[in-house]
Amino acid sequence: MAERMTSVSSPHVAVIPFMAKGHTIPILHLVRLLVSRGVAVTIFTTHGNSPYIRQSLTGTEASVIDLSFPQNVHPELQQGIESTDKFPSMSLFIPFVTATKLMQPEFDRVLESLYPRVSCIISDGFFPWTLQSATKLGIPRLVFYGSVSHGPNSDDEPFALPDFPWIKLTRNDFESAFTEPDIDGPHFQFMMEVFAATRNSNGIIVNSFCELEPKFLEYCNREKTPKAWCVGPLCLTEPPKAAVEPFQKPASTLEWLDEMLAKGRSVLYVAFGSQADISTQQLQEIANGLEKSRTNFLWVVRSSMCDEILDKEFQERMRCTGLVVTEWVDQVEILNHPSVNGFMSHCGWNSVMESICASVPILAWPMMAEQHLNARMVVEELGIGIRVLAENGSVRGFVTSECIEKQVRELMEGENAKEMKKKVKQLSEEARRAMEEGGSSWFTLEQLINEFICGK
Ligand code: UDP
Ligand code: UDP
């Protein structure tokens with residue numbers, strides 16, 4: 001009883017974000033929300049990721065604990081690679097997640113020593129081993145998921161959707177790990193481990209809002225356990241301005257957008273997230289397509305990808321039309337700039353949420369992971385975007401500059417442009433309402449805190 005009193009008066013949760021920007025950013029928004037509702041939060045990360053997390057949480061009363069990232073586990077996993085954003089190639093993913101398992105003893109030791117005692121672990125799905133930690137302590141484990149569109153399924157038929165006849169999935173919608181010849185490969189094995197741990201956990205925290213995908217959510221919560229709790233879109237949680245990014249924000253980007261606005265121009269924002277590997281040839285083709293489309297664009301490219309391609313001449317020719325940025329930008333700020341009216345996006349879940357919240361239609365160009373499913377939702381379910389297609393109509397494969405030109409024009413000025421804009425605006429308003437006090441996501445978080453963190 002005394003224990004319960006303690007946990008009721010000082011609710012305390014441990015949060016362990018996966019080391020990838022796309023996973024860390026939304027979970028830190030969740031941390032801010034929890035703290036603002038009176039929950040004490042201890043975040044577990046590694047020395048390499050800690051500066052980013054500490055800076056993002058400036059002014060927030062959350063504790064950060066730095067664990068040691070296991071060294072010398074794999075020859076290519078050199079010192080300093082403690083985040084997937086630093087991968088030279090995604091082939092390091094399995095060695096990386098395998099290495100994180102070695103963090104468990106230290107995690108468990110610190111977890112047990114925390115006071116007030118932790119009443120719940122919120123873990124990224126990519127750490128299946130935190131289920132053991134939670135079980136040992138006899139506390140619930142909640143799994144943080146980017147999106148709801150891909151829940152855990154049974155081992156044999158990972159993605160059959162018999163209840164959704166209107167969703168026509170093809171093999172191209174799935175990561176190669178789920179189709180031959182990789183079916184027994186390490187990526188598939190890892191995902192099965194992730195799904196099994198999720199199934200045996202107490203809940204799934206989803207960065208979405210129930211008005212966005214009511215049918216899917218209802219299905220998940222009818223057919224599957226554990227329950228999915230939609231508490232987003234988390235990008236609507238304002239971070240303290242001073243704390244946004246440790247990276248220098250190029251002021252010129254916003255100035256350029258202001259200039260475009262003053263000239264009455266409409267800008268296409270082009271960005272493929274923090275992970276996508278795009279071939280040199282394809283990047284070149286994107287550059288040519290953008291040039292041919294004569295659309296104003298702001299293109300954020302990872303510097304490692306663009307050096308030789310986007311040469312000075314291209315940038316010189318584009319001077320009045322487009323801007324290429326290789327630094328980290330504040331994507332949310334850009335999407336919310338009134339000149340931005342389209343987003344060519346890889347459909348990472350955060351990007352989709354951020355685009356919806358900013359009322360910006362999407363030119364969907366998914367690259368990997370569950371992005372193909374997200375793209376289908378954007379285009380077919382929500383009607384707020386169009387799909388990038390190769391010449392032969394396929395959703396995968398090389399896309400020529402002619403196709404890019406055509407699709408960019410269609411998004412920005414095609415006959416459906418107004419309709420897409422109207423729909424996305426409606427969704428953004430619903431998203432805002434969901435996050436406001438008394439809204440669906442606000443209320444769901446309240447229930448979640450009561451059920452798992454305060455132990456009511
Ligand atoms: N992002 C950003 N600036 C950049 C690149 C990315 O703010 O220069 C943010 C973006 O707003 C989003 C996250 O990084 O919140 C990327 O997540 P997403 O799910 O879209 O894609 P991923 O990087 O995981 O593939
Ligand atoms: N995934 C998961 N748990 C999570 C996040 C993602 O099981 O907490 C799965 C998701 O189903 C997808 C894959 O991991 O198939 C890759 O997800 P995501 O795109 O978020 O990862 P990224 O490649 O951006 O690091």
Side-chain angles (χ1 to χ4, degrees), residues 17-32 49 52-53 55-56 83-87 89-90 92-93 96-97 124-126 144-150 175 206-208 232-239 241 243-254 256-257 269-278 297-306 323-337 340 343-358 360 362-375 377-378 385 431:
F18 185 67
M19 305 86 137
K21 285 281 172 351
H23 292 228
T24 303
I25 293 172
I27 216 172
L28 292 182
H29 287 311
L30 176 67
V31 166
R32 277 189 210 97
N49 291 288
Y52 173 79
I53 290 185
Q55 173 133 13
S56 308
S83 143
T84 62
D85 310 315
K86 300 212 159 59
F87 284 1
S89 138
M90 280 314 274
L92 281 180
F93 185 73
F96 184 82
V97 291
D124 191 283
F126 281 173
F144 183 79
Y145 253 72
S147 57
V148 72
S149 333
H150 54 278
E175 189 62 354
V206 182
N207 180 18
S208 186
L234 291 165
C235 60
L236 290 178
T237 314
E238 270 294 309
K241 265 292 167 226
V244 186
E245 276 299 330
F247 306 86
Q248 197 55 42
K249 182 168 67 184
S252 56
T253 308
L254 286 181
W256 185 83
L257 288 174
Y269 171 56
V270 183
F272 302 105
S274 56
Q275 311 274 200
D277 281 327
I278 303 172
F297 63 88
L298 168 58
W299 186 3
V300 179
V301 202
R302 287 163 72 203
S303 54
S304 57
M305 296 199 301
C306 80
L323 183 67
V324 180
V325 180
T326 52
E327 290 92 350
W328 182 269
V329 296
D330 185 338
Q331 177 164 301
V332 170
E333 194 170 25
I334 290 177
L335 283 168
N336 281 290
H337 194 279
V340 174
F343 183 10
M344 185 193 286
S345 169
H346 72 314
C347 293
W349 189 253
N350 297 297
S351 291
V352 171
M353 282 294 119
E354 290 160 4
S355 206
I356 288 177
C357 293
V360 175
I362 298 174
L363 181 51
W365 194 343
M367 310 263 164
M368 59 175 202
E370 91 301 358
Q371 294 155 9
H372 286 264
L373 294 173
N374 299 344
M377 188 186 96
V378 162

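Numbers for residues simply follow the sequence, beginning at 1. Remember, it's 1-based here, ligands and their atoms both numbered in the order they're listed. Remember, it's a predicted structure, so these values are computed and weren't measured experimentally.
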Could you check if a side-chain atom of Met344 sits within less than 4.5 angstrom of a side-chain atom of Phe272, using non-hydrogen atoms only? yes
Does only the side chain of Asn350 get under 4.0 Å from ligand 1, or the backbone, or both, or neither? Count heavy atoms. both
So which bit of His23 gets within less than 4.0 Å of ligand 1, heavy atoms only: side chain, backbone, both or neither? neither
I'd like to check whether Glu354 has a polar contact with ligand 1, where a contact means an N/O of the residue lying under 3.5 Å from an N/O of the ligand. yes
Within the 4.0 Å heavy-atom shell around Ile25, which atoms of ligand 1 are there? 9 (C), 13 (C), 14 (O), 15 (O)
So is Met367 close enough to ligand 1, meaning a heavy atom under 4.0 angstrom away? no
Take Phe126 and Thr84 through the side chain to side chain contact (heavy atoms under 4.5 Å, CB included) test and state the conclusion after the steps. CA-CA 12 Å; Phe126 281 173; Thr84 62; over 6 Å; no
Val300 N/O to ligand 1 N/O under 3.5 Å: no
Check ligand 1 against Gly348 and write out every atom of the ligand that is under 4.0 Å from a heavy-atom position of the residue. 18 (P), 19 (O), 20 (O), 21 (O)
Is there side-chain contact between Met353 and Leu234, with heavy atoms separated by less than 4.5 Å? no
Gly273 heavy atoms, cut-off 4.0 Å: which ligand 1 atoms fall inside? 23 (O)
Qualifying residue, where the test is ring pair (Phe, Tyr, Trp, His ring centres under 6.0 Å) with His23 and the options are Phe144, Trp349, Phe18: Phe18
Relative to Phe96, does Lys86 satisfy both conditions: NZ or CZ under 6.0 angstrom from the six-membered ring centre, and within 45 degrees of the ring's axis? no
Decide yes or no for Ser56 and Arg32: does some side-chain heavy atom of the first lie under 4.5 Å from some side-chain heavy atom of the second? yes
Flag Asp330 as yes when one of its N or O atoms lies below 3.5 Å from any N or O atom of ligand 1, and as no otherwise. no
Trp349 neighbourhood, listing ligand 1 atoms whose heavy-atom distance to it stays under 4.0 Å: 19 (O)
Please assess Leu298 against Val340 for the test side chain to side chain contact (heavy atoms under 4.5 Å, CB included), listing each intermediate value before the final yes or no. CA-CA 9 Å; Leu298 168 58; Val340 174; 5.7 Å; no
Below 4.0 Å from ligand 1: does a non-hydrogen atom of Val332 turn up there or not? no
Under 4.0 Å from ligand 1, counting heavy atoms only, is it the side chain of Trp328, its backbone, both or neither? both
Are any non-hydrogen side-chain atoms of Val270 and Trp365 less than 4.5 angstrom apart? no
